[in-house]
Chemist: 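Sharing a structure, written as structure tokens. Questions coming.
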Amino acid sequence: TRFVGGQGRNPFQQSIHSALCVPLVSRKEDVLGVIYTDTTTSGRTFGEDHLKLLTGIAMEAALAIENARLVEEVAEKKRLENELDIARSIQLNLVPSKAPDTEGLDVAGLMIPAREVGGDYYDFVRSERDGVLYIAIGDVSGKGVPASLVMVMARCFFRPLTQHASTTKDIVNELNRLIFADTRDGTFMSMLVLCYRPANGAMTWTGAGQEHLLIYRAATGEVERLKAGGLVLGLRGNAERFYKQNELPLAAGDAILMYTDGVSEAVNPAGKMIGLDAIAGFVSKYGKMSADEIVKSVLAELKTFMGNAKQHDDITLVAVKKT
């Protein structure tokens, strides 16, 4: 843009006789700024040669500015990636690598976040008070960092509760109250809590909107599907009436598979969802194996089904085997 002012007439209210402005334009055609020059010398004006020269300077300046910004963006992205890598490592260390040795029970689990960090959760905790083993699996709504923070919150609440609560219903009800108080509207978490008592081999459980329990019966080779029931945690403050403690008789060789919806809703490259029937089929196929072999075998089947399709949700599996 070129402006030439006449004698005694100046729109800038200064003694500018001639001015030249050239925008700094990025490769994406974003305006980064303007190079401006003027002269107050009467009789001197800017011509086409001046415009071409300043345009060349502006192009070089825009390129330098854009490159500098890209360097800053790359450095910032690298910093965030490093922090997320650390967060992922911390989160994966929060889930147990193995369950405490428990007479009559074999337990294993695994978790694969869809992003650097995720909102799935599983845990194995032995009560110091009476020696019973608590097993939990859960899934926070959403993904990424917000979901992972709620996951850590749930873990911090769950572990102390196992040392004081008397039933799985009490644990789930108190978890709901705490999560509801400390999260924003629209954030919730499904969960399933099991309690195994080595003294008499009794298994009890309470659901909070979690996926089915799949029960492999060694005597028949059949797989039962139990709806977890209950209300997801964090939806309402007073939800005790929605939670129930259930008994689950287990014979030697019986197995339980628990999973999050990242398993049952996994899709293949064609966009087809795997579904509950296929997961139940895997339990029937591998139910005779150890808990660790069950989760690894089901995961292998899941990966085969997914092929090169993108993992859209966190994947968590927990197997429990009565020995």
Side-chain angles (χ1 to χ4, degrees), residues 80-81 84-85 87-96 108-123 135-155 158 175-176 179 183-193 207-214 225-235 256-283 286 294-319:
L80 291 174
E81 288 175 349
L84 286 172
D85 285 343
R88 179 186 179 90
S89 176
I90 292 173
Q91 185 182 35
L92 292 178
N93 284 333
L94 291 178
V95 295
L110 59 82
M111 181 178 72
I112 305 174
R115 299 180 181 176
E116 288 82 357
V117 290
D120 276 10
Y121 170 61
Y122 76 90
D123 212 345
I135 305 164
I137 187 172
D139 183 2
V140 181
S141 59
K143 304 178 190 67
V145 174
S148 71
L149 293 175
V150 178
M151 172 269 191
V152 173
M153 182 191 305
R155 180 186 187 274
F158 175 72
L175 274 171
N176 174 71
I179 290 175
T183 56
R184 64 186 182 186
D185 292 342
T187 300
F188 56 87
M189 180 179 186
S190 62
M191 199 160 188
L192 181 60
V193 177
Q210 182 57 36
E211 298 283 325
H212 289 72
L213 294 86
L214 298 178
R225 308 178 187 189
L226 298 181
K227 291 184 178 180
L231 186 71
V232 292
L233 308 177
L235 202 60
I256 306 169
L257 181 73
M258 298 179 287
Y259 60 94
T260 57
D261 58 11
V263 175
S264 58
E265 297 178 4
V267 297
N268 64 12
K272 180 182 177 181
M273 190 180 298
I274 191 168
L276 180 58
D277 288 343
I279 305 302
F282 300 152
V283 176
Y286 301 112
I294 291 173
V295 294
K296 289 180 179 178
S297 297
V298 173
L299 178 63
E301 293 277 9
L302 190 65
K303 288 184 174 180
T304 299
F305 173 83
M306 293 174 64
N308 60 0
K310 182 179 179 181
Q311 180 184 338
H312 293 287
D313 203 355
D314 306 327
I315 291 173
T316 300
L317 293 163
V318 173

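What's counted below: heavy atoms across the whole structure, side chains too, no hydrogens, waters or symmetry copies.
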Chemist: Would you name the heavy atoms of Ile179 and Gly234 that are closest together and state the gap between them?
Modeler: CG2-CA, 4.1 Å
Chemist: Which heavy atom of Arg155 sits nearest a heavy atom of Leu94, and at what distance?
Modeler: NE-O, 2.8 Å
Chemist: Where do Gly207 and Leu192 come nearest, in terms of heavy atoms and distance?
Modeler: CA-CD1, 3.8 Å
Chemist: Between Tyr121 and Asp123, is there a side-chain donor-acceptor contact under 3.5 Å, judged purely by atom types and distance?
Modeler: yes
Chemist: Once you round to the nearest 0.5 Å, how far does CG of Asp85 lie from CD1 of Ile90?
Modeler: 11.0 Å
Chemist: Just verifying a value: how many Å separate Glu265 CD and Met273 CE, rounded to the nearest 0.5 Å?
Modeler: 5.0 Å
Chemist: Is there a side-chain contact between Leu257 and Leu317 in this structure, where contact means two heavy atoms from C-beta onward sitting under 4.5 Å apart?
Modeler: yes
Chemist: What's the shortest heavy-atom distance between Gly119 and Asp314, and which atoms?
Modeler: N-OD2, 2.7 Å
Chemist: Do the non-hydrogen side-chain atoms of Thr260 and Ser190 ever get within less than 4.5 Å of each other?
Modeler: no
Chemist: Main chain of Ile315, side chain of Tyr259: is a donor-acceptor contact present, judged purely on distance under 3.5 Å?
Modeler: no
Chemist: Do Ile279 and Glu211 come close enough that some side-chain heavy atom pair is under 4.5 Å?
Modeler: no
Chemist: Once side-chain hydrogen bond (donor to acceptor under 3.5 Å, both in side chains) is applied, do any residues pair with Arg225, and if so which ones, sequence neighbours excluded?
Modeler: Asp277
Chemist: Compare every heavy atom of Val318 with every heavy atom of Tyr122, then report the nearest pair and how far apart it is.
Modeler: CB-CG2, 3.6 Å
Chemist: Over all heavy atoms of both residues, which pair between Ala228 and Leu213 is shortest? Give the atoms and the distance, please.
Modeler: CA-CD1, 4.2 Å
Chemist: Any heavy-atom pair between the side chains of Ile274 and Phe282 that's under 4.5 Å?
Modeler: yes
Chemist: Give every donor-acceptor pair under 3.5 Å between a side-chain atom in residues 137-152 and any protein atom, sequence neighbours left out.
Modeler:
from, atom 1, to, atom 2, distance (Å)
Ser141, OG, Phe188, N, 3.2
Ser141, OG, Phe188, O, 3.2
Ser148, OG, Val145, O, 2.7

Chemist: Just list the side-chain donor-acceptor pairs under 3.5 Å for residues 302-312, sequence neighbours left out, or say none.
Modeler:
from, atom 1, to, atom 2, distance (Å)
Thr304, OG1, Ala300, O, 3.0
Gln311, NE2, Ile112, O, 2.9
Gln311, NE2, Asp313, O, 2.9

Chemist: Checking Leu175 against Met189 for the side chain to side chain contact (heavy atoms under 4.5 Å, CB included) test, could you report, in this order, the C-alpha distance in whole Å, the side-chain angles of both residues, the deciding distance, and whether it holds?
Modeler: CA-CA 10 Å; Leu175 274 171; Met189 180 179 186; over 6 Å; no
